[in-house]
Amino acid sequence: MDGEEAQYFCHDFDWNDHRDEVEKDVSLHYHLLPFQESEQCPCSSSSASSSYPPSMDDTSEAWKRFHNRHSMGRFFKERRYLLKEFPELLSAHDYSKVLEVGCGNGSTVLPILRASKKIIVYACDCSMLALQRVRDMVESSEDISADNQFHPFLCDISLSGLPGNMGSSGSFLSRFQDTEVLDMTRTIKCACSDESHSCLDGVDFVTLVRAFNIICVYIAMHVIFTLSSIPFQQMPFVIKECYSALQPGGLLCFRDYGLYDMTMLRFLPSQRVGHRAYMRADGTLSYFFSLEQAKELFCNAGFIVLELEFCCVKLLNRKNGKSMSRVWIHGKFQKPV
């Protein structure tokens, strides 16, 4: 990889300066106002929930419909930049286990699997169609050993938590062996008979990256653009489930929408369904995190903060030539040893 390719920009502008500009703009003041629960969202879309805040069932169904509409997998591009944001995934030891919570169409799973043959990824989502799509993509990749490296399973962590009664021991896969795992057009029993590939001791990483990113007594978990897609009141439960699944010393990788991101500022007043929470016309949710809010959520679950910052990136819309100010929140949280 040459030096130019290795560059990754995440601090194109200062977030504090950006915040001041936003808060001085009178046309954007409705984003700053306290939200009254009595407010009604006059969204005319029939796909959106008629009650506010929406129920967990409504939220889950909205994301299933979303994946049905984008079943070809072209909506999401591979998030290759995550390997630069979370280089621990590249230096992981043999058979390190990653749980992706809310894998969607695989935009996070694929770059991880392609980057290392030493990593085993367990991935869940609430959409069977999304899981089938990502499984197809993994199996069509010549450089990935689908049977040995990738284990998808159907689960909506926000509704029912992880399979089985996990508890604080984090021995998730000991119960997960009796749980159904997706295998193309049918489901099969998970067979982790090879001790070197077992998740009985917990996962090493958890990834919470949006597309609903989950866990396996892992050394790591990914929660990538996942938390923002569920109601705020359910976030502590989801984070605690992730905490329970990690082995001591395990890492949770977090990336999601940050406060005053361009997409937040585009929402209309009628789309507000909570403080910093919005509903799209299709019924899916989006929440925008402050650093203080993210720290409180994860620390209350027992995590130690290793990294927590805003990634501020200037992007150029090639069609209209306009600059876009994107704000994402980046975090690394560790389960105490």
Exercise. Identify the heavy atoms of Val305 and Cys299 that sit nearest to each other, and give their distance.
Key: CG2-SG, 3.6 Å
Self-check item: Approximate separation, where rounding is to 0.5 Å, of Cys253 SG and Ile112 CD1
Solution: 8.0 Å
Quiz item: Taking all non-hydrogen atoms of both residues, which atom of Met235 and which atom of Leu227 are closest, and how far apart?
Solution: CE-O, 3.2 Å
Quiz prompt | Least distance between heavy atoms, Val109 atom then Cys103 atom | solution = CG2-CB, 4.1 Å
Can you give the donor-acceptor pairs under 3.5 Å from side chains of residues 307-314 to other protein atoms, not counting sequence neighbours?
from   : atom 1 : to     : atom 2 : distance (Å)
Glu307 : OE1    : His330 : NE2    : 2.9
Glu307 : OE2    : Lys332 : NZ     : 3.4
Glu309 : OE1    : His11  : NE2    : 3.3
Lys314 : NZ     : Ser325 : OG     : 2.7

Self-check item: Pairing residues for Leu265 by the side-chain contact (heavy atoms from CB on, under 4.5 Å) criterion, not counting sequence neighbours
Solution: Val22, Leu28, His31, Tyr260
Quiz item: With a 3.5 Å cut-off and no angle check, do the side chains of Asp282 and Thr284 form a donor-acceptor pair?
Solution: yes
Quiz item: In the single-linkage hydrophobic clustering (I, L, V, M, F, W, Y; side-chain heavy atoms under 4.5 Å), do Leu268 and Leu259 co-cluster?
Solution: no
Exercise. Return the minimal non-hydrogen interatomic distance between Ser323 and Leu316, and the atom names on each side.
Key: N-CD1, 4.3 Å
Quiz item: Side chains of Leu110 and Val138: does their closest heavy-atom pair fall under 4.5 Å?
Solution: yes
Quiz prompt | Nearest non-hydrogen partners of Cys124 and Leu131, listed with the distance | solution = C-CD2, 4.2 Å
Quiz item: Are the side chains of Leu89 and Ser116 in touch, meaning some heavy atoms are under 4.5 Å apart?
Solution: no
Quiz item: Does the pair Leu246 and Phe303 meet the rule for a side chain to side chain contact (heavy atoms under 4.5 Å, CB included), with working shown?
Solution: CA-CA 11 Å; Leu246 274 170; Phe303 281 103; 3.6 Å; yes
Self-check item: His275 and Phe35 aromatic centres sub-6.0 Å
Solution: no
Quiz prompt | Distance-minimising heavy-atom pair for Val238 and Ser158 | solution = CG2-CA, 3.9 Å
Quiz item: Taking it one step at a time, do Phe289 and Tyr257 satisfy side chain to side chain contact (heavy atoms under 4.5 Å, CB included)?
Solution: CA-CA 6 Å; Phe289 294 90; Tyr257 293 119; 5.5 Å; no
Quiz item: Honestly, is Lys240 close enough over Tyr243, meaning NZ or CZ under 6.0 Å from the six-membered ring centre and within 45° of the axis?
Solution: yes
Quiz item: Can you name the residues that form a side-chain contact (heavy atoms from CB on, under 4.5 Å) with Gln293, not counting sequence neighbours?
Solution: Phe232, Tyr287, Ser290, Glu296, Leu297
Exercise. For Asp17, enumerate each residue passing the side-chain contact (heavy atoms from CB on, under 4.5 Å) test, keeping only those at least two apart in sequence or located in another chain.
Key: Asp14
Self-check item: Close side-chain approach of Ser145 to Lys117, heavy-atom, < 4.5 Å
Solution: no
Exercise. State the CZ-CZ distance between Phe150 and Arg135, to the nearest 0.5 angstrom.
Key: 7.0 Å
Exercise. Hey, could you give me the CE/CG distance between Met137 and Leu113, rounded to the nearest 0.5 Å?
Key: 11.0 Å
Practice problem: Under the ring pair (Phe, Tyr, Trp, His ring centres under 6.0 Å) rule, collect the residues that match up with Phe13, sequence neighbours excluded. | Solution: His18
Quiz item: Quick one: does Gln149's side chain have a donor or acceptor within less than 3.5 Å of a partner on Val121's backbone?
Solution: no
Practice problem: Scan for salt bridge (Lys or Arg N to Asp or Glu O under 4.0 Å) pairs involving residues 23-35, sequence neighbours excluded, and state none if there are none. | Solution: none
Quiz item: Do Leu291 and Leu32 sit in the same hydrophobic cluster, where Ile, Leu, Val, Met, Phe, Trp and Tyr count as joined when their side-chain heavy atoms come under 4.5 Å apart?
Solution: yes
Exercise. For the pair Phe86 and Leu251, evaluate side chain to side chain contact (heavy atoms under 4.5 Å, CB included) and give the outcome as yes or no after the intermediate values.
Key: CA-CA 10 Å; Phe86 305 111; Leu251 185 69; 5.7 Å; no
Quiz item: Distance from Gln334 atom CD to Leu306 atom CG, nearest 0.5 Å?
Solution: 5.0 Å
Quiz item: According to a 4.5 Å side-chain heavy-atom criterion applied to Ile, Leu, Val, Met, Phe, Trp and Tyr, with indirect links allowed, do Tyr81 and Met262 form part of one hydrophobic cluster?
Solution: yes
Quiz item: With hydrophobic residues grouped by side-chain heavy-atom distances under 4.5 Å, do Val327 and Met324 end up in a single group?
Solution: yes
Quiz item: Can you check side chain to side chain contact (heavy atoms under 4.5 Å, CB included) on Trp328 and Glu85, steps first, answer last?
Solution: CA-CA 12 Å; Trp328 296 290; Glu85 289 281 353; over 6 Å; no
Self-check item: Side-chain donor or acceptor of Asp143 paired with backbone N/O of Arg114 under 3.5 Å
Solution: no
Quiz item: Roughly how far, to the nearest 0.5 Å, is the CG atom of Leu315 from the NZ atom of Lys322?
Solution: 15.0 Å
Exercise. Report the distance from atom OG of Ser141 to atom CG of Asp136, rounding to the nearest 0.5 Å.
Key: 10.5 Å
Practice problem: If the plane angle is over 60° it's perpendicular, under 30° parallel, otherwise tilted; pick one for Phe288 and Phe267. | Solution: perpendicular
